[in-house]
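Note that ligands are numbered from 1 as they come in the structure, with each ligand's atoms numbered from 1 the same way. For clarity, every value in this text was computed on a predicted model and none was experimentally measured. Here, residue 1 is the first one in the sequence, and each next residue gets the next number. Because only heavy atoms are used, hydrogens play no part in the values below, and waters and symmetry mates are left out as well, while side chains stay in.
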Amino acid sequence: MSTRDAIVAVINRKGGAGKSTTTFQLAGSLVELGRRVLIVDLDPQASLTRLVLDEPVGQGEGIGNCLLLDGPPAASRIRPTALKFDLLPGDRSIEGANIALLDYPGRFRRLRRALAGIAGYDVVLVDTPPSLDFATASAMVAARWAILPTGTVQQDIDALVDTLALLDNLAADDEDVARRLAIVPTGTERDNVDRQVVEALHVTFGDLVLEPIPRTVAVKRSMNARVPVCVSEPRSPAVPRYRALAELVTRAVTGGVAGEVARATA
Ligand SMILES: Nc1ncnc2c1ncn2[C@@H]1O[C@H](COP(=O)(O)OP(=O)(O)O)[C@@H](O)[C@H]1O
Ligand SMILES: [Mg+2]
């Protein structure tokens, strides 16, 4: 198995869709299943990095500089965390790399190349910023799999469709892009509106749509406490949902899921 088969990008152009929360909780559930997990924080705002590390990383000590043509190896930037998974931190150098590589034709492939030098993990989760820019396109090209958390109002659905369209467009440009693994309605309420939207997602995207992860105070507390909810409040109704996602990811990275290949026709 190559490193690439283990890379899972968590993507959605909309802020607040649940990317960072899902990445953090999924990492916790994967660790609980005994997997060796690395989180790559590809958001220059570095919210997940701040959540996971006690001290902030210095400028240029994250993943961004590793994308430069003469950059350091990504493995040299990996840090252990207190949570039994490792972290490749995010920092503002991701924005610098975007600008430095503007004229470089293979710019979206820099992350794939950087992560190819990393070994020793069963799953590499890539958290991405809320935009369809260099970082998100790089994650789509680096990863074998894509997970799309989504909210349940119309703007969320629009953002989901835009995000899937970028995958298709990259595929049309001959890129070997991430396969769709799951759409995960996240932070849903137990009301009719959310139920209807989840049903509509099922009609449009079929089995790709997982059972929604309910909005729970346990997840909020867990983020504030910086401990995955499966550890802090194992009886929360969100826990079996994150565990189901972790089991799906485990099957995918070990070759047990076909996934949906992006349409190279856009
Ligand atoms: N299952 C959940 N229950 C409660 N709050 C949630 C849940 N999932 C996400 N949230 C909250 O939603 C907000 C946005 O989530 P976040 O993961 O930061 O989104 P993104 O990374 O896509 O911008 C955060 O305040 C987060 O704590
Ligand atoms: Mg985020």
Side-chain angles (χ1 to χ4, degrees), residues 8-29 39-53 56-57 62-64 83 85 87-92 94-95 125-136 138-140 143 146-153 155-164 166 182-191 194-195 197-198 201 209-246:
V8 182
V10 183
I11 54 176
N12 189 316
R13 75 170 304 173
K14 191 160 182 299
K19 291 178 289 297
S20 300
T21 307
T22 302
T23 305
F24 179 76
Q25 301 295 352
L26 175 57
S29 292
I39 291 181
V40 179
D41 184 359
L42 212 60
D43 187 345
Q45 290 183 57
S47 52
L48 207 46
T49 297
R50 283 174 231 240
L51 184 82
V52 167
L53 293 182
V57 302
I63 172 76
L83 295 165
F85 52 74
L87 176 75
L88 188 41
D91 71 342
R92 299 294 295 273
I94 298 163
E95 289 169 343
L125 297 176
V126 184
D127 187 25
T128 59
S131 52
L132 294 182
D133 63 1
F134 168 69
T136 300
S138 297
M140 288 175 170
I147 292 175
L148 296 109
T150 179
T152 49
V153 300
Q155 292 99 307
D156 295 307
I157 308 305
D158 293 344
L160 179 67
V161 169
D162 284 356
T163 308
L164 291 168
L166 177 59
I183 293 171
V184 191
T186 297
T188 52
E189 309 281 356
R190 299 176 63 172
D191 57 36
D194 277 12
R195 234 193 310 272
V197 173
V198 172
L201 284 171
V209 182
L210 301 194
E211 289 284 308
I213 297 171
R215 181 166 299 279
T216 67
V217 72
V219 169
K220 280 195 219 169
R221 274 197 295 263
S222 122
M223 299 305 282
N224 285 340
R226 305 166 174 226
V227 178
V229 67
C230 63
V231 175
S232 62
E233 298 186 47
R235 296 167 70 95
S236 161
V239 169
R241 301 294 163 82
Y242 288 123
R243 177 184 274 260
L245 184 58

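In this structure the side chain of Leu132 reaches within 4.5 angstrom of the side chain of Asp162, judged on heavy atoms. Within the 4.5 Å cutoff, no side-chain heavy atoms of Arg221 are placed close to those of Ser232. Considering only heavy atoms from C-beta on, Pro185 comes within 4.5 Å of Leu201 through its side chain. You'll find the side chain of Phe24 stays beyond 4.5 Å of the side chain of Tyr242, heavy atoms only. Using a 4.5 Å heavy-atom cutoff, the side chains of Arg241 and Pro214 are in contact.
The N/O atoms of Lys19, backbone and side chain alike, include one that comes under 3.5 Å of an N/O atom in ligand 1. At under 3.5 Å, not a single nitrogen or oxygen of Lys220, backbone or side chain, sits near a nitrogen or oxygen of ligand 1. At a 3.5 angstrom cut-off on N or O pairs, Met223 does not count as close to ligand 1. On a distance-only criterion, Thr186 and ligand 1 share no N/O pair closer than 3.5 Å. Between Val219 and ligand 1, a contact under 3.5 Å exists for no N or O pair. For Thr22, no nitrogen or oxygen atom sits less than 3.5 Å from a nitrogen or oxygen atom of ligand 1, counting backbone and side chain alike. Any N or O atom pair closer than 3.5 Å counts here, and Ile213 shares no such pair with ligand 1.
Within the 2.8 Å limit, Gln45 places no N, O or S atom next to the Mg ion (ligand 2).
Residues Thr150 and Asp156 have side chains that never bring a donor and an acceptor to within less than 3.5 angstrom of each other.
Across every non-hydrogen atom of Ala238 and Ile213, the tightest pair is CB-CG2, 4.2 Å. Among all heavy-atom pairs drawn from Arg243 and Ser29, the shortest one is N-OG, 3.9 Å.
Within a 6.0 Å radius of CD in Gln45, no more than 12 heavy atoms belonging to other residues, nucleotides or ligands are found.
In this structure, the protein non-hydrogen atom closest to atom 15 (O) of ligand 1 is Thr21 OG1, 3.5 Å. Among protein heavy atoms, atom 19 (O) of ligand 1 sits closest to Gly18 N, 3.1 Å. Shortest contact from atom 12 (O) of ligand 1 to any protein heavy atom: Arg215 NH1, 4.3 Å. Distance from atom 14 (C) of ligand 1 to its nearest protein heavy atom, with residue and atom name: Gly16 CA, 3.6 Å.
Residue contacts with ligand 1, taken as heavy atom pairs separated by less than 4.0 Å, involve Tyr242 solely via side-chain atoms from C-beta onward. By the criterion of a heavy-atom distance under 4.0 Å, the backbone of Pro214, and not its side chain, is placed next to ligand 1.
For Ala238, the heavy-atom gap to ligand 1 stays at 4.0 angstrom or more.
Each of the atoms 23 (O) of ligand 1 lies under 4.0 Å from some heavy atom of Gly15. The Thr216 neighbourhood of ligand 1 comprises atoms 3 (N), 4 (C), with distances under 4.0 Å to a heavy atom of that residue.
Not a single protein heavy atom sits closer than 4.0 Å to atom 25 (O) of ligand 1.
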Next item on the list: Test side-chain contact (heavy atoms from CB on, under 4.5 Å) on Thr136 and Asp133 and set out the steps.
Entry: CA-CA 5 Å; Thr136 300; Asp133 63 1; 3.9 Å; yes
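The structure places CG of Asp43 at 8.5 Å from OG1 of Thr49, a figure rounded to the nearest 0.5 Å.
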